[in-house]
S.K.: 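Got a structure for you, questions after.
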Amino acid sequence: MAASGVRLVLLGKPGAGKGTQAALLSQHYGVEHLSTGDVFRAAVAQGTSVGLEVQRYMDTGELVPDEIVIRVVDEHFAAGGPLEAGFILDGFPRTLVQAEELEQVLADHPLELVLNIEVPTEAILDRIAGRRVCVNCGASYHVNKRPTVDWTCDVCGGDVVQRDDDTEAAVATRLEVYDRQTVPIIDFYCNLGKLVAVDGVGDGDEVQERLIKEVDGRFAPGRP
Ligand code: AP5
Ligand code: MG
Ligand code: ZN
């Protein structure tokens, strides 16, 4: 087994727990967590040119156009990004075009596993309605699982607020867009023999154990 870290993608509907689990897994395996949603939200907050381009798509729940997403991800990997060290991708890829592009970018460092976190839509709606996120680092909380001190992020001390796209209308669009544009990549990864479905119902620690079991079960134990 190569001495590099894990290279994983987390798939799942909006609110399935990708961000929550990616943060836990990145600590567990000591690899970077890259969420394109977090990258775009930071760009919007900072008012960068990418932020200005993507905000209208995000606010309505539509996908950002592939060429913008691919440019941002390519720049990330090109700038000495974590190809060797390993990574967990969250929210990317989410179209067939993006999945095919990623296969090219990772030609010498192929993905090891794509974990599809499955949660019924009723549970999703409850999770999203109660979600609060850190404006600074993107950490995810819930009205039933708050930060230790008021609405201040446990990780970085940033403000914890409701996301602009967690409105009823935007969530309905995000779920519809997921079915239409992201579900086809489940078959794509299935055909590559990389897809594993994981039950995302239960508390966060239980889901994390299931994910780690799948990853470690396929690779040598004790890898970094
Ligand atoms: P993105 O930020 O990726 O949003 P999403 O896919 O809609 O997913 P979410 O972040 O809403 O959910 P999550 O699965 O991370 O769940 P979380 O862990 O927070 O994308 C946002 C937008 O950016 C897109 O709509 C698009 O416009 C654009 N975009 C981003 N990437 C793009 C791309 N590649 N291509 C094109 N456009 C792109 O959990 C949800 C809640 O549930 C939290 O409150 C959490 O505390 C709680 N929770 C988590 N786990 C559990 C559990 N086990 N039990 C109970 N509650 C739980
Ligand atoms: Mg997320
Ligand atoms: Zn934070």
Side-chain angles (χ1 to χ4, degrees), residues 9-25 33-44 50-51 53-73 88-99 101-102 115-120 123-147 151-167 170-178 181-182 185 198-211:
V9 166
L10 296 190
L11 276 184
K13 290 175 196 168
K18 301 180 294 296
T20 303
Q21 292 302 328
L24 294 169
L25 291 177
H33 165 201
L34 177 64
S35 156
T36 42
D38 287 350
V39 169
F40 292 144
R41 275 184 289 281
V44 170
V50 169
E53 280 181 285
V54 303
Q55 184 167 19
R56 66 197 164 104
Y57 300 104
M58 296 182 78
D59 283 351
T60 54
E62 295 290 343
L63 291 186
V64 170
D66 285 331
E67 61 271 21
I68 300 177
V69 183
I70 288 170
R71 184 174 11 114
V72 166
V73 173
I88 297 171
L89 300 179
D90 151 19
F92 177 88
R94 60 215 278 167
T95 64
L96 276 175
V97 170
Q98 293 177 21
E101 168 69 17
L102 184 64
L115 297 149
N116 188 22
I117 304 175
E118 296 185 332
V119 179
I124 292 279
L125 295 176
D126 178 59
R127 288 184 186 188
I128 291 183
R131 172 172 44 198
R132 303 292 183 270
V133 297
C134 172
V135 290
N136 192 32
C137 75
S140 229
Y141 299 90
H142 192 274
V143 290
N144 297 330
K145 211 170 175 188
R146 300 171 179 223
W151 291 104
T152 303
C153 179
D154 289 340
V155 180
C156 76
D159 287 340
V160 173
V161 302
Q162 190 155 30
R163 254 170 58 173
D164 290 342
D165 62 345
D166 279 351
T167 61
V171 170
T173 303
R174 282 158 59 201
L175 287 167
E176 187 269 318
V177 162
Y178 174 82
Q181 294 189 263
T182 305
I185 73 176
V198 176
D199 180 6
V201 178
D203 75 30
D205 291 342
E206 282 176 278
V207 178
Q208 190 194 13
E209 274 173 33
R210 288 179 203 139
L211 292 165

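No experiment lies behind these values; they were computed from the predicted model shown. Both backbone and side-chain heavy atoms feed into the values below; hydrogens, waters and symmetry mates do not. Sequential numbering from 1 along the given sequence is applied to the chain's residues. Atoms within a ligand are numbered from 1 in the order they appear, just like the ligands themselves.
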S.K.: Check whether any side-chain heavy atom of Arg210 sits under 4.5 Å from a side-chain heavy atom of Asp199, and report yes or no.
M.R.: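 In short, these two side chains touch, coming nearer than 4.5 Å.
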S.K.: So among Arg174, Arg41, Arg132, which one has a salt bridge (charged side-chain N to carboxylate O under 4.0 Å, His left out) with Asp166?
M.R.: Arg174
S.K.: Taking the side chain as every heavy atom from C-beta outward, state whether Asp90 and His33 have any pair of such atoms under 4.5 Å apart.
M.R.: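 Heavy-atom side-chain distance check passes, below 4.5 Å.
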S.K.: Starting from atom 48 (N) of ligand 1, find the nearest protein heavy-atom neighbour and note its residue, name and distance.
M.R.: Arg127 CD, 4.0 Å
S.K.: Once you round to the nearest 0.5 Å, how far does CG of Leu115 lie from CD of Gln21?
M.R.: 10.0 Å
S.K.: With the Zn ion (ligand 3) at the center, what angle do SG from Cys134 and SG from Cys156 span, rounded to 10 degrees?
M.R.: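 About 100°, to the nearest ten degrees.
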S.K.: Has ligand 1 got any nitrogen or oxygen that is less than 3.5 angstrom from a nitrogen or oxygen of Gly91?
M.R.: yes
S.K.: Under 3.5 Å between any N/O of Gly130 and any N/O of ligand 1: does that happen in this structure?
M.R.: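 No; every N/O pair is 3.5 Å or more apart.
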S.K.: What do you reckon, does Gly204 put a non-hydrogen atom under 4.0 Å from ligand 1?
M.R.: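 Checking ligand 1 against Gly204, which is what was asked, there is a heavy-atom contact under 4.0 Å.
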S.K.: So, do Thr36 and Val73 sit near enough that their side-chain heavy atoms are less than 4.5 Å apart?
M.R.: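 In short, these two side chains touch, coming nearer than 4.5 Å.
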S.K.: Starting at CG of Leu24, measure out to CG of Leu211 and round the result to the nearest 0.5 Å.
M.R.: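 Rounded to the nearest 0.5 Å, the CG-CG separation comes out at 9.0 Å.
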S.K.: Please table the atom pairs, donor to acceptor, closer than 3.5 Å between any side-chain atom in residues 133-144 and protein atoms at least two apart or in another chain.
M.R.:
from	atom 1	to	atom 2	distance (Å)
Tyr141	OH	Asp154	N	2.9
His142	ND1	Asn144	N	3.1
His142	NE2	Asp126	O	3.4

S.K.: For the 3.5 Å polar cut-off, considering only N or O atoms, please tell me whether Gly17 and ligand 1 meet it.
M.R.: yes
S.K.: Identify, for atom 44 (O) of ligand 1, the protein heavy atom at the shortest distance, and state residue, atom and that distance.
M.R.: Tyr141 O, 2.6 Å
S.K.: Does any non-hydrogen side-chain atom of Asp165 lie less than 4.5 Å from one of Thr173?
M.R.: no
S.K.: Show the atoms of ligand 1 that are less than 4.0 angstrom away from any heavy atom in Gly15.
M.R.: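 The list of qualifying atoms is 8 (O), 9 (P), 11 (O), 12 (O), 13 (P), 14 (O), 16 (O), 40 (C).
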S.K.: Any atom of ligand 1 sitting under 4.0 Å from a heavy atom of Gly12?
M.R.: no
S.K.: Under 3.5 Å between any N/O of Ala16 and any N/O of ligand 1: does that happen in this structure?
M.R.: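 So ligand 1 has an N or O lying under 3.5 Å from an N or O of Ala16.
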S.K.: Side-chain contact test, heavy atoms from C-beta onward, threshold under 4.5 Å: evaluate it for Val161 versus Trp151 and give yes or no.
M.R.: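 Sidechains of Trp151 and Val161: no contact.
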S.K.: A side-chain contact here means heavy atoms from C-beta on lying under 4.5 Å apart; do Leu11 and Lys18 qualify?
M.R.: no
S.K.: For atom 53 (N) of ligand 1, grab the closest protein heavy atom and report residue, atom and distance to one decimal in Å.
M.R.: Gly202 O, 2.8 Å
S.K.: Would you say Val64 and Val72 make side-chain contact, with heavy atoms under 4.5 Å?
M.R.: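 No, too far: nothing below the 4.5 Å cut-off.
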S.K.: Can you find an N or O of Ile128 that's nearer than 3.5 Å to an N or O of ligand 1?
M.R.: no
S.K.: So is Gly19 polar-close to ligand 1, meaning N/O to N/O under 3.5 Å?
M.R.: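 In this structure, Gly19 places an N or O atom under 3.5 Å from an N or O of ligand 1.
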S.K.: Distance from Glu67 atom CD to Glu53 atom CD, nearest 0.5 Å?
M.R.: 9.0 Å
S.K.: Does Glu206 come within less than 4.0 Å of ligand 1, judged by its heavy atoms?
M.R.: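 No, that is not the case, since the closest heavy atom of the residue is not under 4.0 Å from the ligand.
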S.K.: What part of Val69 sits under 4.0 Å from ligand 1 if we count only heavy atoms: the side chain, the backbone, both or neither?
M.R.: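 Side chain only.
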S.K.: Has Arg163 got any heavy atom lying under 4.0 angstrom from an atom of ligand 1?
M.R.: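 True for this residue.
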S.K.: May I ask you to decide if Asp203's main-chain N or O and Glu206's side chain share a donor-acceptor pair within less than 3.5 Å?
M.R.: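 Judged by distance alone, yes, a pair lies under 3.5 Å.
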S.K.: Measuring only between side-chain heavy atoms, which start at C-beta, is Leu125 closer than 4.5 Å to Leu175?
M.R.: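 Yes, side chains in contact.
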S.K.: So which protein heavy atom does atom 23 (O) of ligand 1 come closest to, and at what separation?
M.R.: Met58 CE, 3.3 Å
S.K.: Tell me whether Arg174 has any N or O atom under 3.5 angstrom from an N or O of ligand 1.
M.R.: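 By distance alone, the answer is yes.
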S.K.: As a check for students: among Gln55, Arg94, Lys13, identify the option with a heavy atom nearest to atom 5 (P) of ligand 1.
M.R.: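 The option holding the nearest heavy atom is Arg94.
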S.K.: Please check if the side chain of Arg94 supplies one atom and the backbone of Tyr178 the other of a donor-acceptor pair under 3.5 Å.
M.R.: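 No, because the side chain of Arg94 does not come within donor-acceptor range (under 3.5 Å) of the backbone of Tyr178.
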S.K.: In terms of residue, atom name and distance, what is the protein heavy atom nearest to atom 27 (O) of ligand 1?
M.R.: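 The answer is Glu62 O, 2.6 Å.
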S.K.: Name the closest protein heavy atom to atom 31 (N) of ligand 1, giving the residue it belongs to and the distance to 0.1 Å.
M.R.: Thr36 OG1, 2.7 Å
S.K.: Among all protein heavy atoms, pick out the one at the shortest distance from atom 35 (N) of ligand 1; state its residue, atom name and that distance to 0.1 Å.
M.R.: Gln98 NE2, 2.9 Å
S.K.: Of all the non-hydrogen atoms in the protein, which one sits nearest to atom 9 (P) of ligand 1, and at what distance?
M.R.: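 Checked against all protein heavy atoms, atom 9 (P) of ligand 1 sits closest to Arg131 NH1, 3.2 Å.
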S.K.: As an exercise, identify every atom of ligand 1 less than 4.0 angstrom from a heavy atom of Arg41.
M.R.: 2 (O), 21 (C)
S.K.: Which of the atoms of ligand 1 are close to Asp165, meaning less than 4.0 Å from one of its heavy atoms?
M.R.: 21 (C)
S.K.: Distance check, rounded to the nearest 0.5 Å: Asp66 atom CG versus Gln98 atom CD?
M.R.: 4.5 Å
S.K.: With respect to atom 39 (O) of ligand 1, which of Thr20, Val201, Val171, Val119 exhibits the smallest heavy-atom separation?
M.R.: Thr20
S.K.: May I ask you to check if ligand 1 and Asp90 share an N or O to N or O distance below 3.5 Å?
M.R.: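 Between Asp90 and ligand 1, no N or O pair is found under 3.5 Å apart.
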